[in-house]
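Before any comments, here is the structure.
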Amino acid sequence: MKRAGATFAALALLAACAPLPPPQADHTNIYVLEAMPAAGTPRPKHDLVLEVTVPRAWPGFDTPQMAYTQRADQLAYFAKNRWVDTPANMLAPLLVQAVEQSGAFRAVVQAPSLAAADLRLDTEIVRLQQDFSMRPSRVQFTLQAQLIDIRGRRVLASTEFDETEVAPSDDPYGGVIATNRALGRLLDQVAKFCAETTAER
């Protein structure tokens, strides 16, 4: 009995000294905004430099969390799915690329820049959410844009773009695909807005 007790005590001591298994980490899916504007008709080039500022975002959308809604006036976020950065920060270089590819300006730069710009494009994300109040779910992406004459210190034009895209699946990844599809159309509209407003003025 004494020998058995000693053996049990030794085994208990070894078990206590054994390293504990590492805790299981929660897996989080991380996504990016990536889209190209639709191919459009080449536009006349203006001898102007356009500066694109980092977009602002309305409260609730200035976060890497991915927003969704199931009923009116209620916003929620996916627990294990998020953007790699805030949508506003990811959108800035995409806007620069889209307007630059339109060929309408001598140069397009992202603020802050040392280049002396003639015009400035300010944008604001009004809404970016996946709506589950209907099936299939759909992404709603609303963006305000304002083109400003820096030297004249006046607003040349202001408008709002709104795109809705049906998600291919009723889950966060389906929302990402729908977001990027809607974004491609928004980028083309913003580039067209900048080119046509400048030509009119």
Side-chain angles (χ1 to χ4, degrees), residues 22-40 52-102 108 110-111 120-148 157-194:
Q24 293 295 324
D26 287 338
H27 179 69
T28 300
N29 299 308
I30 301 176
Y31 303 103
V32 297
L33 286 179
E34 53 181 2
M36 295 293 294
V52 178
T53 59
V54 176
R56 299 181 299 274
W58 280 24
F61 304 111
D62 191 19
T63 171
Q65 293 180 289
M66 295 174 62
Y68 71 91
T69 183
Q70 292 178 308
R71 62 185 68 178
D73 303 321
Q74 185 182 61
L75 200 63
Y77 303 97
F78 292 112
K80 296 183 180 181
N81 297 269
R82 66 178 182 84
W83 299 111
V84 69
D85 198 351
T86 64
N89 285 339
M90 291 189 290
L91 183 57
L94 297 177
L95 287 169
V96 172
Q97 186 179 30
V99 180
E100 188 174 44
Q101 288 184 349
S102 74
V108 182
Q110 183 175 329
R120 188 179 77 236
L121 175 65
D122 293 337
T123 54
E124 187 168 19
I125 296 174
V126 176
R127 179 175 55 183
L128 176 52
Q129 63 190 26
Q130 188 170 0
D131 187 357
F132 289 97
S133 66
M134 56 194 78
R135 290 292 188 273
S137 64
R138 57 201 62 199
V139 165
Q140 300 165 322
F141 200 156
T142 306
L143 185 73
Q144 287 183 346
Q146 196 172 62
L147 192 63
I148 297 173
S158 181
T159 191
E160 182 174 281
F161 305 105
D162 185 71
E163 286 290 338
T164 300
E165 177 71 26
V166 174
S169 57
D170 288 326
D171 54 23
Y173 184 60
V176 171
I177 294 174
T179 296
N180 284 327
R181 287 175 179 171
L183 175 59
R185 297 194 297 271
L186 283 175
L187 291 174
D188 188 62
Q189 291 175 46
V190 171
K192 184 178 179 181
F193 163 73
C194 293

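All residue numbers in this chain count up from 1 along the given sequence. Predicted model only: the values in this text are computed from it and were never measured.
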Atom pair [atom1]/[atom2] of [X] and [Y] - distance to nearest 0.5 Å:
{"X": "Q130", "Y": "Q70", "atom1": "CD", "atom2": "CD", "answer": "10.5 Å"}
{"X": "Q74", "Y": "Y68", "atom1": "CD", "atom2": "OH", "answer": "8.0 Å"}
{"X": "L128", "Y": "T63", "atom1": "CG", "atom2": "OG1", "answer": "11.0 Å"}
{"X": "F78", "Y": "D171", "atom1": "CZ", "atom2": "CG", "answer": "8.0 Å"}
{"X": "E34", "Y": "N180", "atom1": "CD", "atom2": "CG", "answer": "5.5 Å"}
{"X": "R185", "Y": "E163", "atom1": "CZ", "atom2": "CD", "answer": "4.0 Å"}

Taking ring-ring contact (aromatic ring centres under 6.0 Å, His included) as the definition, give me every residue that meets it alongside Y77, ordered by chain and number, with sequence neighbours left out.
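By the ring-ring contact (aromatic ring centres under 6.0 Å, His included) rule, Y77 matches no residue at all.
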Looking at residues at least two apart in the chain, or sitting in another chain, which of them share a ring-ring contact (aromatic ring centres under 6.0 Å, His included) with F61?
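Expected list: none.
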Shortest non-hydrogen contact from [X] toward [Y]:
{"X": "A35", "Y": "G184", "result": "CB-N, 3.7 Å"}
{"X": "Q65", "Y": "W83", "result": "O-CD1, 4.0 Å"}
{"X": "L91", "Y": "P55", "result": "CD2-CG, 3.9 Å"}
{"X": "D162", "Y": "L186", "result": "N-CD2, 4.4 Å"}
{"X": "S102", "Y": "A191", "result": "CB-CB, 4.2 Å"}
{"X": "A167", "Y": "G174", "result": "CB-O, 3.6 Å"}

Sole candidate of T53, V96, L95 that passes side chain to side chain contact (heavy atoms under 4.5 Å, CB included) when paired with Q110:
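Option passing the side chain to side chain contact (heavy atoms under 4.5 Å, CB included) with Q110: V96.
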Tell me which one of V126, I125, D122 satisfies side chain to side chain contact (heavy atoms under 4.5 Å, CB included) with Q144.
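Of the listed residues V126, I125, D122, the side chain to side chain contact (heavy atoms under 4.5 Å, CB included) partner of Q144 is V126.
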Can you confirm whether [X] sits close enough to [Y] that some side-chain heavy atom of one is under 4.5 Å from a side-chain heavy atom of the other?
{"X": "E124", "Y": "W58", "value": "yes"}
{"X": "R82", "Y": "I30", "value": "yes"}
{"X": "V176", "Y": "M66", "value": "yes"}
{"X": "V84", "Y": "L33", "value": "no"}

Do side-chain atoms of [X] reach the backbone of [Y] as a donor and acceptor pair under 3.5 angstrom?
{"X": "T164", "Y": "F141", "value": "no"}
{"X": "D62", "Y": "A57", "value": "no"}
{"X": "T159", "Y": "A145", "value": "no"}
{"X": "D131", "Y": "R138", "value": "no"}

Enclosure of R71 CZ (heavy-atom neighbours >12, cutoff 6.0 Å):
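Counting other residues, nucleotides and ligands, CZ of R71 stays at 12 neighbours or fewer.
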